Asker: 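Here's a structure for you.
All figures in this text were calculated on a predicted structure; none of them were measured in a lab. Whatever order the structure lists ligands and atoms in, that order sets their numbers, starting from 1. For reference, positions follow the sequence shown, starting with 1.
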Amino acid sequence: MPELPEVEVTLRSFAERIEGATVTDVRLGKALRWPLGCAPRTLVAQAVGSASRRGKYLWLPLQRGGLLMHLGMSGSLAFNAGGAAPGPHDHFDLVTERGTLRLTDPRRFGAVVWSSSLDADPARRLLARLGLEPFDPKFTGAHLKAALRGRRIAIKQALLAGAIVVGAGNIYACEALFEAGIDPRTRGDRLSLARCDRLAEAVRDTLSRAVELGGSTLRDFRDAHGMAGEFQAEARVYGRHGLVCRRCCGTVRRIVQGQRATFFCPGCQRR
Ligand SMILES: [Zn+2]
């Protein structure tokens, strides 16, 4: 599943190239998660503005409104100059004078939804519950500490929920908790400010590193999710259960929390 770093890498792959281009055609394939919400022809002749990301959503502004896009479980977006005909899994094409932005999505949980602005529905509703961006200076240990007040759930699950900070998906939450030395089962409200500081920093570092690695494997990303693959190869705990911890020579464990696998090192990570 595309996580925040993949979405960020995707954004960087086309944002500058498509900015200022005029839409010449819109092609729809099979139904995606939600309907487009406007007649496709109304997008034609509009110029594309500066694309941005919020959580795992991409926002592609046009002169009148814009398109909110999500890659769902298996989607990928690519901007290509060539005019290749859509394949069976290509369900949205935004054709411009400079090339085509194409959503390929075999499982069709992805979405392209028109909204008059980010502050109006449906965009506002879809983005309303998202936590802070991990690279937002407001995402600090103090913010984390305040958001965890009264939260009895395990810190790993609090991160995964995305309501405090976005982007800490399963791989990145496991890795960040390892970097911060925090047992993933620790109750959220039991974390000290100092540990919250370490965790906020670890979340930021883990995600920025994943974005960097994604940039280096962008060519293969579309087919193979090369970013996640590359990041996993260097993971400290994710997918390494039963193997020797790279820091303390203990053994990495796998447990299940909220139906998701959690990987951690009992030697390095404390409650
Ligand atoms: Zn260890």
Side-chain angles (χ1 to χ4, degrees), residues 1-6 8-9 131-136 139-149 151-217 224-271:
M1 173 158 54
E3 294 286 352
L4 186 145
E6 288 96 323
E8 177 66 27
V9 170
L132 288 179
E133 285 291 324
F135 308 121
D136 184 334
F139 176 56
T140 60
H143 171 82
L144 194 52
K145 175 83 181 151
L148 289 168
R149 193 162 294 143
R151 301 295 305 275
R152 298 166 65 90
I153 57 168
I155 182 60
K156 158 93 182 313
Q157 286 164 273
L159 287 177
L160 275 192
I164 299 175
V165 61
V166 295
N170 207 32
I171 299 175
Y172 306 112
C174 291
E175 292 296 309
L177 286 163
F178 175 82
E179 293 302 331
I182 296 169
D183 186 311
R185 298 165 296 185
T186 309
R187 259 173 55 173
D189 59 359
R190 295 267 169 89
L191 286 176
S192 66
L193 178 58
R195 300 187 92 197
C196 286
D197 281 336
R198 278 201 293 279
L199 182 54
E201 193 182 340
V203 167
R204 228 180 353 259
D205 288 352
T206 303
L207 288 169
S208 56
R209 190 164 155 61
V211 171
E212 278 167 35
L213 285 169
S216 68
T217 55
H225 293 274
M227 199 295 304
E230 178 122 333
F231 187 88
Q232 275 186 43
E234 297 195 16
R236 308 288 200 101
V237 285
Y238 190 86
R240 301 195 72 248
H241 54 294
L243 300 177
V244 173
C245 171
R246 289 172 171 160
R247 186 176 288 162
C248 74
C249 296
T251 305
V252 176
R253 278 188 61 193
R254 177 188 189 277
I255 57 171
V256 175
Q257 291 179 288
Q259 298 166 358
R260 304 295 301 275
T262 296
F263 302 88
F264 73 107
C265 172
C268 294
Q269 295 173 254
R270 301 300 169 89
R271 292 213 193 211

Asker: Answer yes or no: are there more than 12 heavy-atom neighbours, outside R190 itself, under 6.0 Å from its atom CZ?
Answerer: no
Asker: Identify which protein N/O/S atoms are less than 2.8 Å from the Zn ion (ligand 1).
Answerer: C245 SG, C248 SG, C265 SG, C268 SG
Asker: E179 pairs by salt bridge (Lys or Arg N to Asp or Glu O under 4.0 Å) with which of R236, R195, R204?
Answerer: R236
Asker: Of all residues at least two apart in sequence or in a different chain, which pass the ring pair (Phe, Tyr, Trp, His ring centres under 6.0 Å) check with F263?
Answerer: Y238, H241
Asker: For the residue pair L159 and L177, establish whether any side-chain heavy-atom pair is separated by less than 4.5 Å.
Answerer: yes
Asker: Would you say the side chains of E175 and T206 form a donor-acceptor pair under 3.5 Å?
Answerer: no
Asker: Less than 4.5 Å apart, any side-chain heavy atom of V166 and any of P134?
Answerer: yes
